[in-house]
Number of protein chains: 2
Amino acid sequence: MSAIDRSLVACLPIFAECSSEQIDDILREARPARFEKNANVFEQGEKAAHFYLLLHGRIRACKLTPAGEEVVIRFIAPGEMFGVAMAIGRDAYPATATAVVDSLVLAWPNSAWPSLLARNPALAVNTMRTLGARLEESQTRVIEMSTEAVERRVAHAILRLVNQAGRKTDDGVLIDFPISRQDIARMTGTTLHTVSRILSAWQTLGLISSGRQKIVVREPHKLYLLAESSEK
Amino acid sequence: MSAIDRSLVACLPIFAECSSEQIDDILREARPARFEKNANVFEQGEKAAHFYLLLHGRIRACKLTPAGEEVVIRFIAPGEMFGVAMAIGRDAYPATATAVVDSLVLAWPNSAWPSLLARNPALAVNTMRTLGARLEESQTRVIEMSTEAVERRVAHAILRLVNQAGRKTDDGVLIDFPISRQDIARMTGTTLHTVSRILSAWQTLGLISSGRQKIVVREPHKLYLLAESSEK
DNA sequence: CCGTCTGTTTGTCGCAGCGCAACTTCTCGA
DNA sequence: TCGAGAAGTTGCGCTGCGACAAACAGACGG
């Protein structure tokens with residue numbers, strides 16, 4: 001692990017309140033691993049052997065329904081922990097994690113978790129916060145799915161992606177990893193047909209411009225209005 | 001707090017791995033409080049001052065959307081912690097908690113949380129498990145909302161209620177607290193009209209029998225088949 | 001014992017969005 | 001350079017579910 005990564009990791013929220021020595025102590029037990037685009041870091045149902053921190057790249061967490069449909073739970077950004085089955089008392093991964101671009105992760109063996117926790121009480125506090133944040137996000141999605149129309153849900157999903165992975169360009173804000181209409185459909189509980197229609201309409205209106213696996217939001221503010229206001 | 005409550009609390013999962021002395025130590029800082037039917041324990045957005053353990057009764061956790069609609073997040077059973085905003089680093093309650101029957105709770109001041117955690121490392125582990133379980137439940141709901149038709153969602157919701165609050169009677173399994181069609185609609189993201197139609201149909205088929213704020217599941221197995229099988 | 005209120009039932013109607021299918025376009029590997 | 005497959009677009013018909021409306025029943029207070 002390079003010195004650059006080292007100092008980058010030190011300021012992550014998950015390590016807040018940990019001393020420099022503690023962080024070194026924690027990192028010593030981890031090993032880096034590389035996953036190329038479209039490779040799975042782990043699969044749903046697989047026995048959990050490691051937990052992970054994403055250093056570079058982007059990971060998609062997906063769940064398979066009993067009927068065989070896939071639902072996108074979230075996209076993981078650099079700096080986030082994932083695959084923390086151990087922390088929540090599971091012995092299998094509850095979802096499949098797939099690299100959507102070439103990615104670099106740190107992997108800890110599950111067996112390291114209890115001792116890390118014992119030596120770093122702040123880690124427990126920070127992990128609870130992370131879980132709490134994810135719980136809130138998930139509940140927000142339940143509420144959206146319950147009460148909002150498809151077009152709004154798509155708008156919210158895209159704004160969330162912009163917040164998480166937006167990169168300014170001269171045209172607007174680019175979502176900085178390859179994402180298909182199918183992905184957005186699986187995030188919003190609709191079909192790729194409907195997403196395609198909606199995005200086409202927005203493109204005509206000049207709100208966005210999009211291509212194959214690529215979305216640029218030209219007018220984030222207008223999209224926000226669309227997502228929030230009650231008018232049609 | 002009575003001796004009966006005392007021994008009841010001692011075997012809760014949230015206190016797993018805590019010694020008897022530790023539990024006494026934890027309980028010493030809590031105070032009991034009573035809430036009568038339809039009273040709010042706390043409201044969404046209110047500054048969080050306490051966290052709670054439900055001893056007896058039933059609490060409904062509800063979220064209000066920006067548009068003013070209510071969504072039922074979950075029903076809290078005796079033995080569950082709730083209002084743990086402090087643990088996840090929030091300073092306001094993210095939902096409204098309402099007693100659906102006369103209820104008895106234990107309340108800790110928020111200020112007690114850090115020291116409790118410091119003195120009882122197992123509490124952190126158990127809290128993470130609880131949060132993890134809620135996260136999975138919430139994600140399951142997202143998946144259901146994304147992929148399943150209304151009738152199935154209602155079936156799942158009722159089966160969940162049966163698991164959580166079912167009481168055997170000679171007619172079948174009674175959901176042991178007053179619950180309206182409106183509540184079920186707010187759990188499944190539909191309207192009370194649709195819920196009413198579905199329950200009426202099930203009643204005709206003999207799957208359930210229901211009345212005002214009351215549901216008895218006569219044929220849990222058949223309802224389960226309805227919820228899981230792919231056929232209509 | 002009666003009036004009122006809340007929760008429930010039932011019917012009709014319209015439309016959003018899904019399934020299906022055909023077609024186009026882009027990408028990538030051989 | 002070309003072919004195959006993946007990703008996206010678009011039209012059409014059908015239906016499930018929400019909106020609105022109206023009546024009904026059980027609970028509760030006076």
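Residue numbering restarts at 1 for every chain, and letters A, B, ... go by the order of the sequence lines.
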* To do: Just compare dA6(D), dT6(C), dT9(D) and give me whichever is closest to any side-chain atom of R212(B).
  => dT6(C)

* Asked: What class does the angle between the rings of H221(A) and Y224(A) fall in, given that below 30° is parallel, 30 to 60° is tilted and above 60° is perpendicular?
  -> parallel

* For L192(A) and dC20(C), give me the distance from atom CG to atom P, rounded to whole Å. => 13 Å

Between N or O atoms, less than 3.5 Å apart, protein on one side and nucleotides 2-4 of chain D on the other: list the pairs.
none

* Structure fact -> R186(B) atom CZ is separated from dT8(C) atom P, nearest whole Å, by 11 Å

* Taking CE from M145(B) and P from dC18(C), how many angstroms apart are they, rounded to a whole number? -> 13 Å

* Asked: Are R160(B) and E137(B) ion-paired here, with the side-chain N under 4.0 Å from a carboxylate O?
  -> yes

* To do: State, without any angle test, whether S210(A) and R181(A) hold a side-chain donor-acceptor pair at a distance under 3.5 Å.
  => yes

* 4.5 Å side-chain heavy-atom contact, I88(B) and R129(A) -> no

* Of the listed nucleotides dC17(D), dT9(C), dA7(D), the one nearest the side chain of Q213(A) -> dA7(D)

* **Gap between atom NZ of K214(B) and atom OG of S180(B) - 0.5 Å precision** => 15.0 Å

* side-chain N/O S196(B) vs dT8(C) OP1/OP2, d < 4.0 Å -> no

* Structure fact -> For Q139(B) and K63(A), the nearest pair of non-hydrogen atoms, with its separation, is OE1-NZ, 4.0 Å

* Is there a residue in residues 174-181 of chain A whose heavy atoms reach under 4.0 Å of DNA chain D, and which residues are they? -> S180(A), R181(A)

* For I198(A) and dT9(D), give me the distance from atom CD1 to atom P, rounded to whole Å. => 12 Å

* **Closest-nucleotide ordering on DNA chain D, the 5'-leading residue of V150(B) and V195(A)** => V195(A)

* Asked: Charged N to carboxylate O below 4.0 Å: is that the case for D183(A) and R60(A)?
  -> yes

* Asked: Going by atom types only, do W202(B) and E151(B) share a side-chain donor-acceptor pair under 3.5 Å?
  -> yes

* Atom CD1 of I184(B) and atom P of dG7(C): how far apart are they, to the nearest Å? -> 14 Å

* Got a donor-acceptor pair under 3.5 Å from the side chain of R197(A) to the base of dG11(D)? -> yes

* Asked: So does S200(B) get a side-chain nitrogen or oxygen closer than 4.0 Å to the phosphate oxygens (OP1/OP2) of dT8(C)?
  -> no

* Please determine, for the side chain of T191(B), which listed nucleotide (dG18(D), dG26(D), dT9(D)) has the closest atom? => dG18(D)

* To do: Quick one: closest heavy-atom pair of T147(A) and E69(B), and the distance?
  => CB-OE1, 3.6 Å

* Whole-Å gap separating C1' (dC28(C)) and CG (N38(A)) -> 13 Å

* D183(A) CG - dA7(D) C1' separation (whole Å) -> 11 Å

* To do: Scan side-chain atoms only and decide if T194(B) and T191(B) contain a donor-acceptor pair under the 3.5 Å cut-off.
  => yes

* To do: Using a heavy-atom cut-off of under 4.0 Å over every strand shown, decide if L199(A) touches base, sugar-phosphate, or nothing.
  => nothing

* Take atom CZ of R153(A) and atom P of dA16(C), then tell me their distance rounded to the nearest Å. => 15 Å

* Asked: Any donor-acceptor pair under 3.5 Å joining the side chain of H193(B) to the base of dT8(C)?
  -> no

